[in-house]
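Read through the structure below, which is laid out as structure tokens, and then see the notes.
Whatever order the structure lists ligands and atoms in, that order sets their numbers, starting from 1. Keep in mind that the numbers below use all heavy atoms, side chains included, and drop hydrogens, waters and symmetry copies.
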Amino acid sequence: MSATQRALPALNDLNRFFWTGGGDGQLRFLHCPHCEVFVHPPAPLCPHCLGAQLQPRTVIGQGRIEALTVNHQAWTPGQAVPEAIAIISLDDQPGLQMTSNIVGCDPQDAYIGQRVKVVFEAHEDIYLPLFSPV
Ligand SMILES: [Zn+2]
């Protein structure tokens with residue numbers, strides 16, 4: 001999608017499904033079948049029932065910008081700035097949030113309350129879930 005250099009996550013058995021899910025275009029979160037809730041970030045146990053039956057489940061991947069900041073400081077060589085960093089509230093469940101970058105618009109044009117959808121940026125086997133205006 002772009003040549004932007006980004007810090008990439010270290011994959012492990014707990015988070016691999018999350019960072020590689022974009023390979024088939026799906027954003028997934030762990031889901032507890034007992035409580036019927038999504039759990040994010042990935043954890044070994046459900047925080048509600050302490051059940052260990054969490055399984056990845058696809059979410060719609062749309063939501064709204066809950067909080068937003070624009071970073072102008074390049075912390076690593078090649079980092080593209082300015083960049084919009086946002087907390088996104090996902091439609092799938094009240095309180096289900098993730099932090100990501102807003103792409104597909106001028107970072108200065110992103111705003112709190114803006115409707116966004118997930119897009120994936122591939123870096124070899126890692127697919128970073130970013131969000132773009134709907
Ligand atoms: Zn549970």
Intermediate values then yes/no, side chain to side chain contact (heavy atoms under 4.5 Å, CB included), L8 and L128: CA-CA 8 Å; L8 298 177; L128 297 177; 3.9 Å; yes
Contacts of D24 that satisfy side-chain hydrogen bond (donor to acceptor under 3.5 Å, both in side chains) - sequence neighbours left out: R28
Within less than 2.8 Å of the Zn ion (ligand 1): protein N, O or S atom count: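 Total protein N/O/S atoms under 2.8 Å from the Zn ion (ligand 1): 4.
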Reported OG1-to-CD distance for the pair T20 and E124, which is rounded to 0.5 angstrom: 14.0 Å
Atom pair CZ (R57) and CG (L30), whose distance is rounded to the nearest 0.5 Å: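 Reported value, rounded in 0.5 Å steps: 11.5 Å.
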Any pair counted as ring pair (Phe, Tyr, Trp, His ring centres under 6.0 Å), so long as it reaches residues 35-61, sequence neighbours left out: F18-H40, F29-H40, H31-F38
Show me, pair by pair, the donor-acceptor contacts under 3.5 angstrom made by side chains of residues 66-73, not counting sequence neighbours?
unit_1	atom_1	unit_2	atom_2	d
E66	OE1	R64	NH1	2.9
E66	OE1	S89	OG	2.6
N71	OD1	Q73	N	3.0
N71	ND2	Q73	O	2.9
N71	ND2	E83	OE2	3.1

